Amino acid sequence: MDHKELAELLFPEITKTPEDYERSYPKRDLAPGAAVTRLAPSPTGFIHLGNLYGAMADERIAHSSGGFCYLRIEDTDEKREVEGAIPVLIDTLAYFGINFDEGAIGEDGSDERGIYGPYRQSRRRDIYKACVKYLVAQGKAYPCFMSEEEIAAVRSEQEAAKENPGIYGKYARYRDADMDEIKKHLDAGETPVIRFRSEGDPSRYFKIEDGIRGKISMPENVQDTVILKQVGLPTYHFAHVVDDHFMRTTHVVRGEEWLSSLPIHVQLFDAMGWEYPIFCHNTVLMKVDDETGQKRKLSKRKDPELGLSYYKQLGYFPEAVREYLMTILNSDYEEWRAANPASDYSEFAFAASKMSNSGTMFDLNKLNDISKDVLARKTAAEIFDFCLGWAEEYKPDKAADMKANKELYIKIFDIDRSGDKPRKDLIYAEQIMRFISYFFDAEFVRESDMPKECAEDLKSILEKYRGLYSASDDNSEWFGKIKALAAELGYAEKPGDYKRNPGMFKGHVGH
RNA sequence: GGCUCCAUGGUCAAGAGGUUUAAGACGUCGCCCUCUCAAGGCGGAAUCACGAGUUCGAUUCUCGUUGGGGCUACCA
């Protein structure tokens, strides 16, 4: 079998070689210790807290080492692609402070920044094919014409025989097909997938040093993994290897769900004759399932409330979310923050090796607590500006009122926030605005037929704060507006719900 | 099922064979402060999954068990 002839037969249009690309994408000129990381999402349009958690690890590992972080779009699965997902992704990440030095960061996804592109996998077909062609020419990959039915049949045969499922060894029908057989299929108009010809033996183990987990040992891969799909696009495994090599990634930070395919990846790096990047397998963010009570990975389907847009809608300060994520990413961050309350988080010495290697449970209480601290460090004016921005997007009617009564709002935001015992009860914009509503509504509710002791409580609250807003000559007109608004919001119908010392936010802070 | 990763209180976790009567934070409970409490102060309860082994000594090392996570696609 002439492998070179086969490679030409399969990829006549590909003239470039991996060596050509090697020259096109020169090694980066990096300071010692500087890391190059990448965020490589697929454009499915939904970003949740777990994605941000991973993204922050990438961003911090790169930037705290003086390196670079780029954005690569993994759009090799056309079926899953969602229109317009990329700009949303970029905007959302930017909102939470994740910025990229290069990558697919154009407004409409068409612009790219950096010399290692294209940064969208769908535009790198020729690069992948050149590498696949190289492997075929070396006899390390081959075309496979097995149909879905054939594969399914093999699988059930394997299950019956209690063997490991998959296409490998004797089950790989086209592994050793001769040129005539291949030509016959090709002439019949069939398009093959390209499989890697694995020489691995699962009874042999290889060792590798993971950037987070330390030494790990895994069995070699036996599977003849598909590297090029019928549509001419690579699978994740191959795209990862080619891209992270040519884009000169030094640290591949990714979720631990990739750990089990690491044997395939190292095998592919070896076959191409390339050095491995440092693999950093991160843990996933988990939650307790509401129904089963079991721990599980955050899911985009089951946990819409964990989508990043949820936090944006509630008006969490992005800085608060970031601080929370930092504390679970590097556990000494909290201590560092306590010692350096005024420092920017970028001054913290972030390290992959300090990352936890067991799954972390998402904790809303902790997020809220951290948010209180973050807001306690803000001035009332800063809080006002943020809340106004939030209101303009989510509560336009409120925004108008805020603008008209800016000074009053700022005074209220500032209640008891200075001095020896500053209050820390502001958490997120929606809650803050609810606080304001309660505060204003008190005057309104007091006049209604609520239980007497509640009225007394409210009265005393108002007495205390009256000075804050009676500074202006006449509040009556303004109070009238508040009353109308309160009525509109339905408060007038439920004064009876008001309980003595209700704990204004308890029960509102999430679930 | 196979392979694999993980395992300190309810949660995040420090700890790296003796210096630990196992830090700290969140939550929780109690008390105090007080013109409200949602803030603040003080204090309490609560953890090394289990079983062997190595060792003078194990939360720390090894093996097993159990539990949980992940993978097992022409998805990423």
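Here the structure is a predicted model, which is why all the values come from computation and not from measurement. Residue numbers start from 1 in every chain, and the chains themselves are labelled A, B, ... in the order their sequence lines are given, proteins ahead of strands.
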So, OP1 or OP2 of [N]: does either fall under 4.0 Å of a side-chain N or O from [X]?
X: S356(A); N: rC6(B); answer: no
X: S331(A); N: rA14(B); answer: yes
X: K372(A); N: rA39(B); answer: yes

How far does the [atom1] atom of [N] sit from the matching atom of [M], given to the nearest Å?
N: rG24(B); M: rU47(B); atom1: C1'; answer: 14 Å
N: rC6(B); M: rA49(B); atom1: C1'; answer: 13 Å
N: rC50(B); M: rG44(B); atom1: C1'; answer: 29 Å
N: rA46(B); M: rG30(B); atom1: C1'; answer: 15 Å
N: rA23(B); M: rC48(B); atom1: P; answer: 13 Å
N: rA14(B); M: rG53(B); atom1: P; answer: 30 Å
N: rG10(B); M: rA73(B); atom1: P; answer: 37 Å
N: rU34(B); M: rC42(B); atom1: C1'; answer: 16 Å

Just how far, in rounded Å, is [atom2] of [N] from [atom1] of [X]?
X: L426(A); N: rC37(B); atom1: CG; atom2: C1'; answer: 14 Å
X: N365(A); N: rG27(B); atom1: CG; atom2: P; answer: 6 Å
X: H265(A); N: rU4(B); atom1: NE2; atom2: P; answer: 17 Å
X: W336(A); N: rC12(B); atom1: CH2; atom2: C1'; answer: 19 Å
X: E323(A); N: rC26(B); atom1: CD; atom2: P; answer: 15 Å
X: R213(A); N: rA7(B); atom1: CZ; atom2: C1'; answer: 13 Å
X: D369(A); N: rG10(B); atom1: CG; atom2: P; answer: 20 Å
X: K366(A); N: rU28(B); atom1: NZ; atom2: C1'; answer: 14 Å

To the nearest 0.5 Å, how far apart are CZ in F100(A) and CG in L39(A)? 4.5 Å
Paired and unpaired positions of RNA chain B as dot-bracket, Watson-Crick or G-U wobble under 3.5 Å, | denoting a partner strand: ((((((((.[[[..)..(.....]]].(((((.......)))))....[[[[[..)....]]]]])))))))....
Decide yes or no on salt bridge (Lys or Arg N to Asp or Glu O under 4.0 Å) for D176(A) and R197(A), but give the supporting numbers first. CA-CA 10 Å; D176(A) 299 310; R197(A) 187 193 310 273; 3.4 Å; yes
Closer than 4.0 angstrom, basic N to acidic O: yes or no for R254(A) and D58(A)? no
Would you check if the distance from the ring center of [X] to the ring center of [Y] is below 6.0 Å?
X: F145(A); Y: Y174(A); answer: yes
X: W258(A); Y: Y236(A); answer: yes
X: F238(A); Y: H265(A); answer: no

With a 3.5 Å cut-off and no angle check, do the side chains of Y70(A) and T249(A) form a donor-acceptor pair? yes
With a non-hydrogen cut-off below 4.0 angstrom, is K162(A) in contact with a base, only sugar-phosphate, or nothing? nothing
Beyond-backbone contact of Q267(A) with F196(A), side-chain heavy atoms, under 4.5 angstrom: yes
Go along nucleotides 70-76 of chain B 5' to 3' and tag each nucleotide: B for a protein heavy atom under 4.0 Å from its base, S when only backbone or sugar atoms are that close, - otherwise. BSSSBBB
For S358(A) and D373(A), find the nucleotide of RNA chain B closest to each by heavy atoms; which residue's nucleotide sits nearer the 5' end?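 Looking at the nearest nucleotide for each, S358(A) comes out on the 5' side.
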Could you say whether Y205(A) or E335(A) is positioned toward the 5' end of RNA chain B, judged by the nucleotide with the nearest heavy atom to each?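 Its nearest nucleotide lies further toward 5', so the answer is Y205(A).
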Considering residues, nucleotides and ligands other than E83(A), do more than 12 of their heavy atoms fall under 6.0 Å from its CD? no
According to salt bridge (Lys or Arg N to Asp or Glu O under 4.0 Å), who are the partners of K378(A), at least two apart in sequence or on a separate chain? E319(A)
Is there a side chain to side chain contact (heavy atoms under 4.5 Å, CB included) between T225(A) and Y168(A)? Walk through the geometry before answering. CA-CA 8 Å; T225(A) 315; Y168(A) 59 92; over 6 Å; no
